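First listed ligand is number 1; within each ligand, the first listed atom is number 1. Bear in mind the structure is a predicted one, so any value in this text is a computation, not a measurement.
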Amino acid sequence: MTSPQPRECVSRIPAYVAGKPPQPRAGLTTYKLSSNENPYPPLPGVLDAAARAAEQMNRYPDMGNTALYEALADRLGLPTDHLALATGSVALIYQLVQAFCEPGDEVLYAWRSFEAYPIAVTAAGATSVQVPVTADGRHDLDAMAAAITERTRIVLVCTPNNPTGPAVTQAELDTFLAQVPARVLVVVDEAYVEFVRMGDPVDGLATVRRHENVVSTRTFSKAYGLAGFRVGYAIAPPPVATALRAVSLPFGVSSVAQAAAVASLDAEPALLERVEALVAERDRVVKGLADVGVSVPEAQGNFVWFAAGERTLDLAAAADALGIVVRPFAGDGARVSIGEPEANDRVVELGRTFLAGL
Ligand SMILES: *Cc1c(COP(=O)(O)O)cnc(C)c1O
């Protein structure tokens, strides 16, 4: 072979299947419930801040992300040396693997979980070790602790777990952390932290403060509605934050994204009201599904999981017919985001259809 060849691992990178947009249907408003996006349009103040930043698009962004680091540090009550910004928390996962794993090192995570994990791990030449979630979609933290080997460098704990929904408790996380060797980095992926409503929720910030091997990753994509702008951050012990910044793409977070994220932190009360409304809708969907006889795993994010197994693609087709697009994982189940109230009504309808055998 004489042409340039990518590294061997590149051919093994699984494809990321993005949530499909809805197809227009005559006489029916269609809704996208396939990417866990926030259905609300931007707040006017956030849009204005981004528009003002766009006037400077001929200039590079502030490479130091100064205003956003300061706003986050202020909001979280932490020095900025505990923070690392990136183009979405997906980028942080890539950077963590790049910074901490040699080829062949192991990254341990639950499965099924966030589909970007195997992509990031494989792309870095590291090895995925997947520990099945329980029948009700929960992390099996005891099995994960038992799966740690000499080669394990990173453990990813996705809570709430995308796509199944349940979150781990702080007590469960603490018991797990007590079993993890200090040389192993534990990443608590808190992409949906704002949606959690349960007893003893994980406090990622406090956990990072207590451990030198724990990182929390968070994002502006979900609760804050900035998915299109790509900005997320890690809360980490300073040496880990330094490593993350060292491998980051220079000028990664755009000036509009920085401005919109700062404005979002200023507008947090209004944004968190929307989160509250989405949580209420989530609980309404879960109850509506229960009323028609469909039980879903405990939903702590902005989505519900239908464990449809072999019927998953049929379920997705039934959803299409109802004018909602879901995210099917063939042979396993479908993840359905919480969206507009009318869309959510149709999710309950989908449950009824599903139970009736489609
Ligand atoms: C959506 C999501 C992210 C965040 O993605 P961004 O890159 O910040 O948009 C991270 N982890 C999980 C589990 C997610 O579902």
Side-chain angles (χ1 to χ4, degrees), residues 14 16-19 32-39 42 65 68 72 83-98 107-121 123 128 130 133 137-139 154-168 186-196 202 204 215-236 244 248-249 252-254 256-258 260-261 264-265 271 275 278 282 297 299-305 326-327 329 333-339:
Y16 192 107
V17 182
K32 184 179 180 211
L33 303 180
S34 53
S35 297
N36 291 352
E37 293 151 339
N38 192 315
N65 299 283
L68 183 50
L72 273 173
L83 299 171
L85 282 160
T87 54
S89 53
V90 165
L92 290 164
I93 306 294
Y94 275 71
Q95 289 168 220
L96 283 161
V97 181
Q98 189 187 354
V107 180
L108 179 67
Y109 50 90
W111 199 252
R112 179 172 295 277
S113 188
F114 187 31
E115 70 177 312
Y117 297 161
I119 299 174
V121 172
S128 284
Q130 301 179 334
V133 294
R138 294 179 185 279
H139 277 52
I154 297 178
V155 182
L156 302 164
V157 177
C158 186
T159 182
N161 188 47
N162 172 10
T164 57
V168 307
V186 177
V187 180
V188 185
D189 184 337
E190 297 194 285
Y192 302 96
V193 62
E194 297 86 354
F195 297 96
V196 173
V202 165
V215 178
S216 155
T217 58
R218 297 185 178 178
T219 179
F220 284 93
S221 295
K222 309 284 164 50
Y224 292 81
L226 297 183
F229 275 177
R230 317 303 308 122
V231 48
Y233 60 96
I235 306 169
L244 279 172
S248 72
L249 209 60
V253 183
S254 73
V256 280
Q258 293 183 37
S264 297
L265 289 171
L271 288 168
V275 168
L278 288 167
R282 172 189 76 201
Q300 291 290 340
N302 63 342
F303 53 90
V304 294
W305 173 250
V326 304
R327 170 68 173 92
F329 298 87
R335 187 192 66 204
V336 186
S337 312
I338 299 302

Query raised in the report: At a non-hydrogen distance cut-off of under 4.0 Å, which region of N162 contacts ligand 1 (side chain, backbone, both, or neither)?
Result: side chain
Query raised in the report: In terms of residue, atom name and distance, what is the protein heavy atom nearest to atom 9 (O) of ligand 1?
Result: S221 OG, 2.6 Å
Report task. Without swapping roles, check the side chain of R112 against the backbone of G333 for a donor-acceptor pair under 3.5 Å. Result -> no
Query raised in the report: Do side-chain atoms of S89 reach the backbone of T219 as a donor and acceptor pair under 3.5 angstrom?
Result: no
Query raised in the report: Of the protein's non-hydrogen atoms, which lies at the shortest distance from atom 11 (N) of ligand 1, and what is that distance?
Result: D189 OD2, 2.7 Å
Requested in this report: Write out the residue and atom name of the closest protein heavy atom to atom 1 (C) of ligand 1, then the distance separating them to 0.1 Å.
Outcome: K222 NZ, 1.2 Å
Query raised in the report: Among R218, E190, E115, R230, which one has a heavy atom closest to atom 6 (P) of ligand 1?
Result: R230
Query raised in the report: Any donor-acceptor pair under 3.5 Å linking the side chain of R327 with the backbone of S35?
Result: no
**Report entry** Presence of salt bridge, R335 and E115, under 4.0 angstrom
**Finding:** no
Query raised in the report: Side chain, backbone, both or neither: which part of F220 has a heavy atom under 4.0 Å from ligand 1?
Result: neither
Report task. Would you mind listing which atoms of ligand 1 come within a distance below 4.0 Å of any non-hydrogen atom of A191? Result -> 2 (C), 3 (C), 10 (C), 11 (N), 12 (C), 14 (C)
**Report entry** Within-shell test, C158 vs ligand 1, heavy atom, strictly < 4.0 Å
**Finding:** yes
Requested in this report: Please report which non-hydrogen protein atom sits nearest to atom 4 (C) of ligand 1, along with the residue it belongs to and the distance in Å to one decimal place.
Outcome: S89 OG, 3.0 Å
Query raised in the report: Backbone N or O of G204 within a donor-acceptor pair of the S216 side chain at under 3.5 Å?
Result: no
**Report entry** Short side-chain donor-acceptor distance under 3.5 Å, D189 and Y109
**Finding:** no
Query raised in the report: Any nitrogen or oxygen of T87, main chain or side chain, under 3.5 Å from a nitrogen or oxygen of ligand 1?
Result: no
Requested in this report: Could you tell me whether a side-chain N or O of S337 sits under 3.5 Å from a main-chain N or O of L33, the two making a donor and an acceptor?
Outcome: yes
Query raised in the report: For G232, is the nearest heavy atom under 4.0 Å from an atom of ligand 1?
Result: no
Requested in this report: Measure the spacing between CH2 of W111 and OG of S128 and express it to the nearest 0.5 Å.
Outcome: 8.0 Å
Query raised in the report: Is Y192 close to ligand 1, meaning an N/O of one under 3.5 Å from an N/O of the other?
Result: yes
Report task. Locate the shortest heavy-atom distance separating V275 from A223; write the atom from each residue and the value. Result -> CG2-CB, 3.6 Å
Query raised in the report: Has ligand 1 got any nitrogen or oxygen that is less than 3.5 angstrom from a nitrogen or oxygen of V90?
Result: yes
